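A quick write-up on the structure given underneath.
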2 protein chains.
Amino acid sequence: MNIGTASRQSGLPPKTIRYYEDIGLLTADRAANGYRDYSSEDVHRLRFVQRSRSLGFSVEECRQLLSLYTDRDRASADVKAIATEKLGEIDRKIVELTGLREMLGHLVEHCHGDGRPECPIIDGLSGKSQGH
Amino acid sequence: MNIGTASRQSGLPPKTIRYYEDIGLLTADRAANGYRDYSSEDVHRLRFVQRSRSLGFSVEECRQLLSLYTDRDRASADVKAIATEKLGEIDRKIVELTGLREMLGHLVEHCHGDGRPECPIIDGLSGKSQGH
DNA sequence: TATTGGGGTTCCAGCCACTGGAAGTTCAAG
DNA sequence: CTTGAACTTCCAGTGGCTGGAACCCCAATA
């Protein structure tokens with residue numbers, strides 16, 4: 001199957017698939033006319049990467065996961081270690097974003113947002129005390 | 001004051017400060033020896049950018065905020081519009097990350113993580129049904 | 001049969017927001 | 001007088017694509 005079909009079936013843009021081949025993440029056979037030729041196994045791998053990426057794994061981590069995926073004898077502990085590490089990262093990001101949200105939310109809340117120039121958001125960003 | 005001092009007082013690495021000057025975000029005076037020379041007002045602006053960046057504003061948004069910051073006559077509504085938009089983005093990011101966390105958390109939870117090769121994480125990523 | 005249009009191919013450049021490193025000045029301290 | 005830190009500029013690289021140019025290939029239509 002051509003790259004367009006593989007793209008539709010995996011959810012990855014053709015450009016991205018070519019890029020992944022470029023960096024040696026996933027290779028494809030070539031048809032006689034030079035077109036890339038994908039098997040359904042290839043599409044499985046592409047979708048695997050697509051899901052892993054959307055779960056927040058970096059491309060390098062995807063490379064690791066992919067080799068664990070194709071290695072029938074790997075220990076599940078190896079996979080769990082990577083995923084657990086990533087889970088921690090996601091948790092830290094959520095905490096950070098939540099703090100951020102609260103801070104900016106406070107600022108927006110206290111800004112009356114009219115034509116006058118007094119603005120607690122600007123004051124907050126510039127470091128002026130908000131008095132609470 | 002030299003760039004190192006400004007760096008310490010603003011919380012931005014010297015490289016980043018130079019980069020900001022490069023892209024025309026913040027300029028600095030020059031001393032006779034060619035060193036950048038920062039006033040405390042410059043440091044205020046640097047810290048303003050530092051805070052804005054850490055609150056999730058892009059550099060381009062910082063440029064806008066900075067011009068609102070220095071414009072004594074701007075309407076607070078202008079600032080509020082930018083901040084509110086950004087708040088929505090942060091909320092969307094939190095929702096996305098929370099979904100992600102849940103999904104990966106499930107996978108990790110169900111992986112026994114021992115020496116055997118069966119691994120629900122890999123199965124989940126590859127698209128195999130988890131049966132719930 | 002010519003041509004149109006929608007695939008595919010390569011390669012090069014750019015995005016964002018830095019960051020690292022090389023090579024050269026300047027300055028303060030010992 | 002020398003050492004070492006801090007400063008300068010400039011160039012290149014990061015990650016993960018994405019856009020665009022210029023070309024080839026193939027099926028369908030006038």
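All values derive from a computational prediction rather than experimental measurement. Residue numbers start from 1 in every chain, and the chains themselves are labelled A, B, ... in the order their sequence lines are given, proteins ahead of strands.
- Between the A/Glu109 side chain and the A/His106 main chain, no donor and acceptor come within less than 3.5 Å of each other.
- Sorted by first and then second residue, the salt bridge (Lys or Arg N to Asp or Glu O under 4.0 Å) pairs with a member in residues 9-19 of chain A form an empty list; sequence neighbours excluded.
- Put simply, CZ on A/Arg63 and OH on A/Tyr20 are 11.0 Å apart, with the number rounded to the nearest 0.5 Å.
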- Query: Can B/Met1 and B/Val43 be said to form a side chain to side chain contact (heavy atoms under 4.5 Å, CB included), step by step?
  - Reply: CA-CA 10 Å; B/Met1 119 194 25; B/Val43 172; 3.7 Å; yes
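- Here the CG atom belonging to B/Leu65 is positioned 11.5 Å from the CZ atom belonging to B/Arg53, to the nearest 0.5 angstrom.
- OP1 and OP2 of D/dC11 both lie 4.0 Å or more from every side-chain N or O belonging to B/Arg18.
- Rounding to the nearest 0.5 Å places CD1 of A/Ile17 at 10.0 Å from CG of A/Asp42.
- If you take NZ on A/Lys86 and CG on B/Leu107, they are separated by 14.5 Å, rounding to the nearest 0.5 Å.
- Less than 4.0 Å separates DNA chain C from no heavy atom of any residue of residues 38-48 of chain B.
- Atom pair A/Ile23:CD1 and D/dG13:P shows a separation of 17 Å (rounding to whole Å applied).
- Summary for the helix from C/dT1-D/dA30 to C/dG30-D/dC1: the axes at its two ends, each from 5 pairs, differ by 20° when rounded to the nearest 10 degrees.
- Distance CG (B/Asp22) to P (D/dC10): 9 Å, rounded to an integer number of Å.
- Of all the residues in residues 85-98 of chain A, not one reaches under 4.0 Å from DNA chain C with any non-hydrogen atom.
- Within the structure, ring-ring contact (aromatic ring centres under 6.0 Å, His included) contacts touching residues 28-49 of chain A (residues at least two apart or in different chains) are A/Phe48-A/Tyr69.
- Counting only heavy atoms from C-beta outward, the side chains of B/Thr16 and B/Pro13 approach each other to under 4.5 Å.
- A/Arg47 is not listed as a side-chain neighbour of A/Leu12, based on a closest heavy-atom distance of 4.5 Å or more.
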Under 3.5 Å between N/O atoms: give me all the protein pairs with nucleotides 22-25 of chain D, atom names plus distance.
none

Would you give me the side-chain donor-acceptor pairs under 3.5 Å for residues 90-102 of chain B, sequence neighbours excluded?
{"unit_1": "B/Asp91", "atom_1": "OD1", "unit_2": "A/Arg101", "atom_2": "NH1", "d": "2.7"}
{"unit_1": "B/Asp91", "atom_1": "OD2", "unit_2": "A/Arg101", "atom_2": "NH1", "d": "2.7"}
{"unit_1": "B/Thr98", "atom_1": "OG1", "unit_2": "B/Ile94", "atom_2": "O", "d": "2.6"}
{"unit_1": "B/Arg101", "atom_1": "NH1", "unit_2": "A/Asp91", "atom_2": "OD1", "d": "2.7"}
{"unit_1": "B/Arg101", "atom_1": "NH1", "unit_2": "A/Asp91", "atom_2": "OD2", "d": "2.7"}

Which atoms of nucleotides 14-18 of chain D (N or O only) lie under 3.5 Å from a protein N or O atom, and what are those distances?
{"unit_1": "D/dC17", "atom_1": "OP2", "unit_2": "A/Tyr20", "atom_2": "OH", "d": "2.6"}
{"unit_1": "D/dC17", "atom_1": "OP2", "unit_2": "A/Arg53", "atom_2": "NE", "d": "2.9"}
{"unit_1": "D/dT18", "atom_1": "OP2", "unit_2": "A/Thr16", "atom_2": "OG1", "d": "3.2"}

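- If you walk DNA chain C from 5' to 3' and mark each nucleotide with an atom closer than 4.0 Å to a heavy atom of chain B, the marks span C/dA17 to C/dC27.
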Side-chain donor-acceptor pairs under 3.5 Å in residues 78-85 of chain B, sequence neighbours left out?
{"unit_1": "B/Lys80", "atom_1": "NZ", "unit_2": "A/Cys111", "atom_2": "O", "d": "2.7"}
{"unit_1": "B/Thr84", "atom_1": "OG1", "unit_2": "B/Lys80", "atom_2": "O", "d": "2.7"}

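- Separating the CD atom in B/Gln50 from the SG atom in B/Cys62 is a distance of 10.0 Å, to the nearest 0.5 Å.
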Using distance only, find each side-chain donor-acceptor pair of residues 22-30 of chain A under 3.5 Å and give its atom names and separation, not counting sequence neighbours.
{"unit_1": "A/Arg30", "atom_1": "NH1", "unit_2": "A/Gly34", "atom_2": "O", "d": "3.0"}
{"unit_1": "A/Arg30", "atom_1": "NH2", "unit_2": "A/Glu21", "atom_2": "OE2", "d": "3.3"}

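- Environment of CE in B/Met103: sparse, with no more than 12 heavy atoms of neighbouring residues, nucleotides or ligands closer than 6.0 Å.
- Within the structure, side chain to side chain donor-acceptor pair (under 3.5 Å) pairs that include any residue of residues 2-13 of chain B do not occur (at least two apart or interchain).
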